[in-house]
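These notes are about the structure you will find just below.
What you see below is based on every heavy atom in this structure, not just the backbone, and it leaves out hydrogens, waters and symmetry mates. In what follows, chains are A, B, ... by sequence order, proteins preceding strands, each numbered from 1. These numbers were taken from a predicted model, which means no experiment stands behind them.
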Number of protein chains: 2
Amino acid sequence: MQTLSKNQQIVFDLINKSTEPMKAYSILHNVQKKGIKAPLQVYRALDKLVEIGKIHKIESRNAFIACHNSSCQVSKATAFSICEICEKVTEISSASLSKYLTNFKDKDGMKYSKYNLEFFGLCKKCR
Amino acid sequence: MQTLSKNQQIVFDLINKSTEPMKAYSILHNVQKKGIKAPLQVYRALDKLVEIGKIHKIESRNAFIACHNSSCQVSKATAFSICEICEKVTEISSASLSKYLTNFKDKDGMKYSKYNLEFFGLCKKCR
DNA sequence: TACATAGTGTTATATTATAACAATTTAAAT
DNA sequence: ATTTAAATTGTTATAATATAACACTATGTA
Ligand SMILES: [Zn+2]
Ligand SMILES: [Zn+2]
Ligand SMILES: [Zn+2]
Ligand SMILES: [Zn+2]
């Protein structure tokens, strides 16, 4: 549990209190009052936060959410559900799913060191 | 097996004969001799080709590959392996994997209509 | 033919992300 | 305490990815 730098903390706090995935330039607009002025300052913080597993990038949306799953602190095995109407994103925490994927081997017997899975559908509210 | 429009065919032919995922602007550069001049012409063809399952987007790379898997013609259930060194991408075609994921239900019993899975690791050559 | 749908061409612009360089802070190592 | 390396910051500029808006053309079909 390393300590975050100033910019990392500012960016993390914002994402962490957001109820929806945040995009980089939306983050930028929201932290300008805290002294972060340039995209690169945001992207550097995001890179680090992803690297240490405090946040995840939702690749299909170019957006970021805080990790609330204590077991994936290095972002090596991530799964999300995404509502195609309201864009609500939830991190999936399923032991059987992660076990299945972590142990998955392809035709050539190759095992992978990392995966990212995104499920799409309609959330409860939107159904 | 619907017939492709002129631009869709040009873009598909290029991607289909490529041995690696292609990015939109690289596609653009390669089809300019065929009369496609603007990014939007490429993106429109890409959108349609993805929609009908002739190609897939590798979300983590913003790149596109042709589908060689006859069973996923609508791009609703895709899985790829990505080498983090040489960037080689292979579409995974595993009946047990697709069965597992297609039937996966989350905590709330929700089933999803679509998924995309990206595995990362080192390919044979790079190990 | 008349109509609807899909596709095209074009210009401009929006969005997402990185390069390059200089300075500063932090944490060890001597 | 001083040196050193690593990480972080600040800044400007620019690259890379993607869409908006509008006018027009082709295609299928009732
Ligand atoms: Zn997580
Ligand atoms: Zn929803
Ligand atoms: Zn496929
Ligand atoms: Zn490789």
Side-chain angles (χ1 to χ4, degrees), chain A residues 1-15 18 20-65 74-75 82 84 87 89 116 118, chain B residues 1-15 18 20-65 74-75 82 84 87 89 116 118:
Chain A
M1 192 60 181
Q2 80 180 266
T3 120
L4 301 179
S5 74
K6 191 189 72 176
N7 288 357
Q8 289 159 16
Q9 190 68 59
I10 291 168
V11 169
F12 177 71
D13 287 346
L14 180 67
I15 297 172
S18 170
E20 53 189 19
M22 294 199 74
K23 306 196 137 219
Y25 278 72
S26 160
I27 292 167
L28 176 58
H29 295 140
N30 280 279
V31 297
Q32 282 180 328
K33 53 197 159 224
K34 304 261 183 185
I36 293 180
K37 290 173 189 161
L40 198 43
Q41 293 174 292
V42 171
Y43 279 104
R44 286 196 284 224
L46 290 173
D47 284 350
K48 190 68 184 186
L49 292 167
V50 167
E51 184 193 323
I52 64 180
K54 300 280 287 180
I55 65 173
H56 302 301
K57 182 174 186 181
I58 309 302
E59 293 286 356
S60 66
R61 300 297 187 262
N62 298 318
F64 301 85
I65 64 171
V74 281
S75 291
I82 302 171
E84 290 188 294
E87 293 292 326
V89 173
N116 179 57
E118 298 181 3
Chain B
M1 193 60 181
Q2 79 180 264
T3 121
L4 302 178
S5 75
K6 189 189 74 175
N7 288 357
Q8 289 160 15
Q9 190 69 57
I10 290 169
V11 169
F12 176 71
D13 287 346
L14 180 67
I15 297 172
S18 170
E20 53 189 17
M22 294 198 75
K23 306 195 136 220
Y25 277 72
S26 159
I27 292 167
L28 176 58
H29 294 141
N30 280 279
V31 296
Q32 282 181 329
K33 52 196 158 221
K34 304 261 185 187
I36 293 180
K37 290 175 188 160
L40 198 42
Q41 293 173 291
V42 171
Y43 279 104
R44 285 195 284 222
L46 289 172
D47 284 351
K48 190 66 184 189
L49 291 167
V50 166
E51 184 192 325
I52 64 179
K54 299 280 288 180
I55 65 172
H56 302 302
K57 182 174 187 181
I58 309 302
E59 292 287 357
S60 66
R61 299 298 186 263
N62 298 319
F64 300 85
I65 64 172
V74 281
S75 291
I82 302 170
E84 289 187 294
E87 294 292 326
V89 173
N116 179 57
E118 297 181 3

Between [N] ([atom2]) and [X] ([atom1]): distance, integer Å:
{"X": "B:Ile58", "N": "D:dT17", "atom1": "CD1", "atom2": "P", "result": "15 Å"}
{"X": "A:Asn62", "N": "C:dT15", "atom1": "CG", "atom2": "P", "result": "13 Å"}
{"X": "A:Leu28", "N": "C:dT18", "atom1": "CG", "atom2": "C1'", "result": "15 Å"}
{"X": "A:Arg61", "N": "C:dT16", "atom1": "CZ", "atom2": "P", "result": "12 Å"}
{"X": "B:Gln9", "N": "C:dT8", "atom1": "CD", "atom2": "C1'", "result": "16 Å"}
{"X": "A:His29", "N": "C:dT16", "atom1": "NE2", "atom2": "C1'", "result": "12 Å"}
{"X": "A:Leu46", "N": "C:dA17", "atom1": "CG", "atom2": "P", "result": "9 Å"}
{"X": "B:Ile52", "N": "C:dA6", "atom1": "CD1", "atom2": "C1'", "result": "13 Å"}

Min side-chain heavy-atom separation [X]-[Y] under 4.5 Å:
{"X": "B:Asn116", "Y": "A:Glu59", "value": "no"}
{"X": "B:Ile65", "Y": "B:Ile55", "value": "no"}
{"X": "B:Leu4", "Y": "B:Lys54", "value": "yes"}

Exercise. Phosphate oxygens OP1/OP2 of C:dT16: is one of them under 4.0 Å from a side-chain N or O of A:Lys23?
Worked result: yes
Exercise. Hey, does the side chain of B:Tyr43 come within less than 4.0 Å of D:dT19's phosphate (OP1/OP2), counting only N and O?
Worked result: no
Problem set entry | Test side chain to side chain contact (heavy atoms under 4.5 Å, CB included) applied to B:Val42 and B:Tyr25, step by step | CA-CA 8 Å; B:Val42 171; B:Tyr25 277 72; over 6 Å; no
Just the table, please: protein N/O against nucleotides 9-11 of chain D N/O, every pair under 3.5 Å.
{"from": "D:dT9", "atom 1": "OP1", "to": "A:Ser5", "atom 2": "OG", "distance (Å)": "2.8"}
{"from": "D:dT9", "atom 1": "OP1", "to": "A:Lys6", "atom 2": "N", "distance (Å)": "3.3"}
{"from": "D:dT9", "atom 1": "OP1", "to": "A:Asn7", "atom 2": "N", "distance (Å)": "2.9"}
{"from": "D:dT9", "atom 1": "OP2", "to": "A:Ser5", "atom 2": "OG", "distance (Å)": "3.4"}
{"from": "D:dG10", "atom 1": "OP1", "to": "A:Lys6", "atom 2": "NZ", "distance (Å)": "3.2"}
{"from": "D:dG10", "atom 1": "OP2", "to": "A:Asn7", "atom 2": "ND2", "distance (Å)": "3.1"}
{"from": "D:dG10", "atom 1": "OP2", "to": "A:Gln41", "atom 2": "NE2", "distance (Å)": "2.5"}
{"from": "D:dG10", "atom 1": "O5'", "to": "A:Gln41", "atom 2": "NE2", "distance (Å)": "3.4"}
{"from": "D:dG10", "atom 1": "N7", "to": "A:Arg44", "atom 2": "NH2", "distance (Å)": "2.5"}
{"from": "D:dG10", "atom 1": "O6", "to": "A:Arg44", "atom 2": "NH1", "distance (Å)": "3.0"}
{"from": "D:dG10", "atom 1": "O6", "to": "A:Arg44", "atom 2": "NH2", "distance (Å)": "3.4"}

Exercise. With a 3.5 Å cut-off and just heavy-atom distances, do the side chain of A:Tyr25 and the base of C:dA14 make a donor-acceptor pair?
Worked result: no
For this session: Output yes when a side-chain donor or acceptor of B:Gln8 lies under 3.5 Å from a complementary backbone atom of B:Ser5, and no otherwise.
Result: yes
Problem set entry | Donor-acceptor under 3.5 Å (A:Gln41 side chain, A:Ala38 main chain) | yes
Exercise. Knowing that exactly one of A:Val89, A:Ile58, A:Val11, A:Val50 qualifies, which makes a side-chain contact (heavy atoms from CB on, under 4.5 Å) with A:Phe64?
Worked result: A:Val50
